[in-house]
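The structure appears right after this line, and notes come after that.
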Amino acid sequence: MLRENEPLAGRTRVRVSDLFLWLLDLRTHKLSVTVENPTAAVRDPEIARTLRSTVGWDVRL
């Protein structure tokens with residue numbers, strides 16, 4: 001997972017060319033994606049909390 005001070009943290013899109021500086025880095029990194037639907041159409045707070053999902057991968061460049 002990227003820490004907040006890292007250049008790609010918080011980005012919603014990353015091009016392959018953005019990763020160029022890390023191509024020689026042979027460490028394993030964590031990549032995670034969180035999807036959230038903050039719709040106001042769901043009024044029940046218990047159900048609204050379920051409208052978020054995170055998936056993660058271990059990757060090597």
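By the side chain to side chain donor-acceptor pair (under 3.5 Å) test, T50 is found to be paired with no residue, residues two or more places apart in sequence or in another chain being considered. T12 is linked by a side-chain contact (heavy atoms from CB on, under 4.5 Å) to nothing, counting only residues two or more places apart in sequence or in another chain. Applying the salt bridge (charged side-chain N to carboxylate O under 4.0 Å, His left out) rule to R13 yields no partners; only residues at least two apart in sequence or on another chain are considered. Applying the side chain to side chain donor-acceptor pair (under 3.5 Å) criterion to T34, with sequence neighbours excluded, gives T54. A search for side-chain contact (heavy atoms from CB on, under 4.5 Å) contacts involving V35 returns V33, not counting sequence neighbours.
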Would you tabulate the side-chain donor-acceptor contacts of residues 37-46 under 3.5 Å, counting partners in other chains and residues two or more places apart, or write 'none'?
{"residue": "N37", "atom": "OD1", "partner": "T39", "partner atom": "N", "Å": "3.2"}
{"residue": "T39", "atom": "OG1", "partner": "A41", "partner atom": "N", "Å": "3.1"}
{"residue": "D44", "atom": "OD1", "partner": "E46", "partner atom": "N", "Å": "2.9"}
{"residue": "E46", "atom": "OE2", "partner": "R49", "partner atom": "NH2", "Å": "2.4"}

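Side-chain contact between E36 and L51 is absent, with no heavy atoms from C-beta onward closer than 4.5 Å.
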